S.K.: 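Dumping the structure here so I can ask a few things about it.
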Amino acid sequence: MQKEIFIVIIIIIAIVSIDVLTNNYTKKNFGRIDEKLEEIKQIGLSLINEEDKEDELKNNLGELEKDWHNINSKTAFFLEHDELEKINSSMIKFKSYFELEEYTEAIPELENCKFILKHLQDKEAIDLINLF
């Protein structure tokens, strides 16, 4: 009997440890993506005001795409694919708007992407609300 209890305790500790690790990874990397999105938003807002920052915008979008591809491939192992697809489609939309120089359309879509990232991060967090 004690052997089984010991095995169950080890399994529970392993599950909680893995969950904490994946949650920390998600929080750290989604926070980094959120910062990049905020930088892109500021550049987009300055482009609405007729400032010349197209090259900076293209560089930031390229960096964001590389970072997101790396993060997406790793988080796909432990996050819901439907949620990741929402983020992917939102990123494609706002990137397309920026490429078409439709900055007033790109900013709300970028904000939507930030909201989905935050929602997914909150949804996967270890909170009392998420347990029940």
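For clarity, every value in this text was computed on a predicted model and none was experimentally measured.
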S.K.: With a cut-off of 6.0 Å (strictly less than), are more than 12 heavy atoms of other residues, nucleotides or ligands near CD of Glu54?
M.R.: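 Above 12, so yes.
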S.K.: Do Asp82 and Lys86 meet the salt-bridge criterion of a basic N to acidic O distance under 4.0 Å?
M.R.: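 The answer is no: the pair does not qualify as a salt bridge.
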S.K.: Nearest 0.5 angstrom please: Leu57 CG to Glu101 CD, how far?
M.R.: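 Answer rounded to 0.5 Å: 9.5 Å.
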S.K.: Please list, chain by chain and in numerical order, all residues satisfying side chain to side chain donor-acceptor pair (under 3.5 Å) with Asp34, sequence neighbours excluded.
M.R.: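 Expected list: none.
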S.K.: Check whether Ser90 reaches the backbone of Ile87 with its side chain - one donor and one acceptor, N or O, closer than 3.5 Å.
M.R.: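 Such a contact is absent between Ser90 side chain and Ile87 backbone.
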S.K.: Between Glu99 and Lys58, is the closest basic N to carboxylate O distance under 4.0 Å?
M.R.: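 Between Glu99 and Lys58 there is no salt bridge, as every charged N stays at least 4.0 Å from the carboxylate O atoms.
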S.K.: Side-chain contact test, heavy atoms from C-beta onward, threshold under 4.5 Å: evaluate it for Trp68 versus Leu37 and give yes or no.
M.R.: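 In short, these two side chains do not touch, never coming nearer than 4.5 Å.
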S.K.: Between CD1 of Ile5 and CD1 of Ile10, what distance do you get to the nearest 0.5 Å?
M.R.: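 Rounded to the nearest 0.5 Å, the CD1-CD1 separation comes out at 12.5 Å.
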S.K.: Considering all heavy atoms of both residues, which atom of Gly44 and which atom of Phe98 are nearest to each other, and what is their separation?
M.R.: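 Nearest pair, atom of Gly44 first, then Phe98: CA-CE2, 3.8 Å.
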S.K.: Find the distance between OG1 (Thr75) and OH (Tyr25) and round it off to the nearest 0.5 Å.
M.R.: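 Spacing of OG1 (Thr75) from OH (Tyr25) equals 6.5 Å.
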S.K.: How close do Ala106 and Phe94 get, heavy atom to heavy atom, and via which atoms?
M.R.: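 Nearest heavy atoms, Ala106 then Phe94: O-CB, 3.7 Å.
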S.K.: Answer yes or no: are there more than 12 heavy-atom neighbours, outside Phe115 itself, under 6.0 Å from its atom CZ?
M.R.: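 Incorrect, the count does not exceed 12.
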S.K.: So, are Glu83 and Lys123 salt-bridged, with charged N and O less than 4.0 Å apart?
M.R.: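 Salt bridge: yes.
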S.K.: Quick test of your reading of the model: are Glu124 and Lys27 salt-bridged, counting only N-O distances below 4.0 Å?
M.R.: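 Not counted as a salt bridge, because no side-chain N and carboxylate O are separated by less than 4.0 Å.
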S.K.: Roughly how far apart are Leu47 CG and Ile40 CD1, rounded to 0.5 Å?
M.R.: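 Going from CG on Leu47 over to CD1 on Ile40, the span is 11.5 Å.
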S.K.: Please tell me if the side chains of Lys66 and His69 come closer than 4.5 Å, counting only heavy atoms from C-beta onward.
M.R.: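 When only atoms from C-beta onward are counted, His69 and Lys66 do not touch, as no gap falls below 4.5 Å.
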S.K.: What's the separation between atom CD1 in Ile107 and atom CG in Asn112, rounded to the nearest 0.5 Å?
M.R.: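 One finds 13.0 Å between CD1 of Ile107 and CG of Asn112.
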S.K.: To the nearest 0.5 angstrom, please state how far the OG1 atom of Thr26 sits from the CG atom of Leu79.
M.R.: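 That separation rounds to 4.5 Å.
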